[in-house]
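Treat the numbers as computed from the prediction; the structure is a model and nothing was measured.
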Amino acid sequence: QQQQQQQQQQPPLPLAVRGVNEAAVPSEFALRCAGVVLDHPAADRSDVEAVLSKLGAWISSSVTPQVLAQFMAIGVPSAIIRSMRKLRSDPPAAALACVVLVRYFGSAHNERNGCARGAMSQLQVGAIEEVIMLMDRHPNHGGIQNVCLLLFGVLLRDGSAARHAVNGGAVAKVIRAMEATAGREVQYNGLAVLRLLTDTGRAARPGLQEVALRAKAAHEGDSGVCSAADEVLALVTPRFKEVMCWHWESGWCKLGPRCTYAHGLADLRGAS
């Protein structure tokens, strides 16, 4: 009955579009209007994108525990996740929805204060499932893969969410993205997600060593990628970099960045 009353209170689509466009701050009415536009089957793509852009700006500039609680109470995050499903065949619009969710789930206030844990877990599960389907829909679209990896990166900090992603086949999706796109961002973000899936999500480890070594070799001069790769390798390779490489000490190691032994004291893990 309460849900029916809320539906009756929702503004019609034209009023909802205007309500969002004219709103300067995320008031309760503006957020209700945003949910109407995102969920309405007759909403134009341009209207949906305008709403997503405004929500993203509000989260970035006006985020407070009160605003985030209002987002959750009105159901805006759920509406954004549902919009991902509707926009799945439209990469730019779907990517925009992902970016807004990255900002929402990644908000410092959100992590520190949060909402009801059960409600947040439901949101995370729904977002994870949509991310996996979006990655499947556009396996060779580097931009989509990267923004999905970014969203995974904020969703999988929670152990239960990470394990749900592992059970949903996320590891294979991440590896496929890294194999399809050699760019720095996909490699770095993919490694960060693999670390979460392995450490927090308890993912099986076969195959992850090769993925991390390949990324490290391809971006040998990038300290960020190499550090992210080492974090994965430390989880999946026994005694990774805990012993000096005899070949390197002798003058040359043919494996180079793919070697799992330490090349110098600075490379030695656990060294004081």
Side-chain angles (χ1 to χ4, degrees), residues 91 95 98 102 106 128 131-132 134-157 162 165-166 168-272:
C98 288
V102 168
I128 287 167
V131 169
I132 289 173
L134 186 58
M135 294 180 81
D136 274 341
R137 183 66 175 267
H138 304 282
N140 298 312
H141 194 300
I144 284 290
Q145 297 298 311
N146 190 51
V147 77
C148 286
L149 292 172
L150 286 170
L151 183 47
F152 265 152
V154 295
L155 289 170
L156 304 185
R157 296 170 187 171
V166 169
V171 174
K173 315 303 179 186
V174 175
I175 292 175
R176 182 183 62 193
M178 295 177 68
E179 290 174 343
T181 304
R184 191 263 181 195
E185 294 304 312
V186 168
Q187 296 300 306
Y188 177 81
N189 292 323
L191 289 166
V193 174
L194 288 178
R195 180 184 62 79
L196 290 170
L197 290 170
T198 305
D199 189 16
T200 310
R202 304 172 190 170
R205 301 179 178 187
L208 298 186
Q209 183 187 67
E210 176 57 28
V211 173
L213 288 173
R214 187 167 56 238
K216 190 174 181 180
H219 298 271
E220 184 177 358
D222 190 312
S223 60
V225 172
C226 290
S227 177
D230 283 350
E231 289 183 10
V232 174
L233 290 166
L235 292 170
V236 303
T237 307
R239 302 195 68 189
F240 175 70
K241 298 288 187 180
E242 292 181 3
V243 178
M244 293 292 291
C245 174
W246 180 85
H247 297 286
W248 182 85
E249 288 184 312
S250 298
W252 181 65
C253 174
K254 67 178 181 179
L255 294 179
R258 295 179 62 91
C259 185
T260 60
Y261 293 92
H263 288 185
L265 290 176
D267 200 30
L268 193 64
R269 295 180 68 87
S272 57

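The minimum heavy-atom distance between A170 and F152, with the atom names listed, is CB-CZ, 3.9 Å. The minimum heavy-atom distance linking G153 with V193 is given by the pair N-CG2, 4.0 Å. Contact detail for G106 and V154: the closest heavy-atom pair is CA-CG1, 4.0 Å. Between A180 and N140, the shortest heavy-atom distance links the atoms CB-OD1, 4.2 Å. Heavy-atom minimum distance, L213 versus P257: CD2-O, 4.2 Å. Residue L134 comes nearest to C148 through the heavy atom pair CD2-SG, 3.7 Å, listed as atom of the first residue, atom of the second, then distance.
A distance of 9.5 Å separates CG of L191 from SG of C226, quoted to the nearest 0.5 Å. Interatomic distance, L151 CG to I128 CD1, rounded to the nearest 0.5 Å: 8.5 Å.
D230 and K216 are joined by a salt bridge, as a carboxylate oxygen and a charged side-chain nitrogen come within less than 4.0 angstrom of each other.
Partners of A95 under the side-chain contact (heavy atoms from CB on, under 4.5 Å) rule, at least two apart in sequence or in another chain, are I144, V147. Here R184 pairs with D222 under the salt bridge (charged side-chain N to carboxylate O under 4.0 Å, His left out) rule; sequence neighbours left out. Residues passing the side-chain contact (heavy atoms from CB on, under 4.5 Å) test with V171 are I175, L194, L197, A203, L208, sequence neighbours excluded. Partners of P139 under the side-chain contact (heavy atoms from CB on, under 4.5 Å) rule, at least two apart in sequence or in another chain, are R176. Shown here are the salt bridge (charged side-chain N to carboxylate O under 4.0 Å, His left out) partners of R239, two or more places apart in sequence or in another chain: E242. In this structure, the salt bridge (charged side-chain N to carboxylate O under 4.0 Å, His left out) partners of D267, at least two apart in sequence or on a different chain, are K241.
Residue pairs satisfying the side chain to side chain donor-acceptor pair (under 3.5 Å) criterion with at least one member in residues 189-208, sequence neighbours excluded, are listed as follows: N146-N189, R195-E231. Applying the side chain to side chain donor-acceptor pair (under 3.5 Å) definition to pairs two or more places apart or across chains, those involving residues 250-262 are E210-R258.
Taking 4.5 Å as the limit, some side-chain heavy atom of R214 sits within range of a side-chain heavy atom of E179. Between L150 and C98 there is no side-chain heavy-atom pair separated by less than 4.5 Å. Side-chain atoms of Q145 and V174, non-hydrogen and from C-beta on, never get closer than 4.5 Å to each other. For the pair C259 and H263, the minimum side-chain heavy-atom distance is below 4.5 Å.
Put simply, the side chain of Q187 gets close to the backbone of T181: a donor and an acceptor are under 3.5 Å apart.
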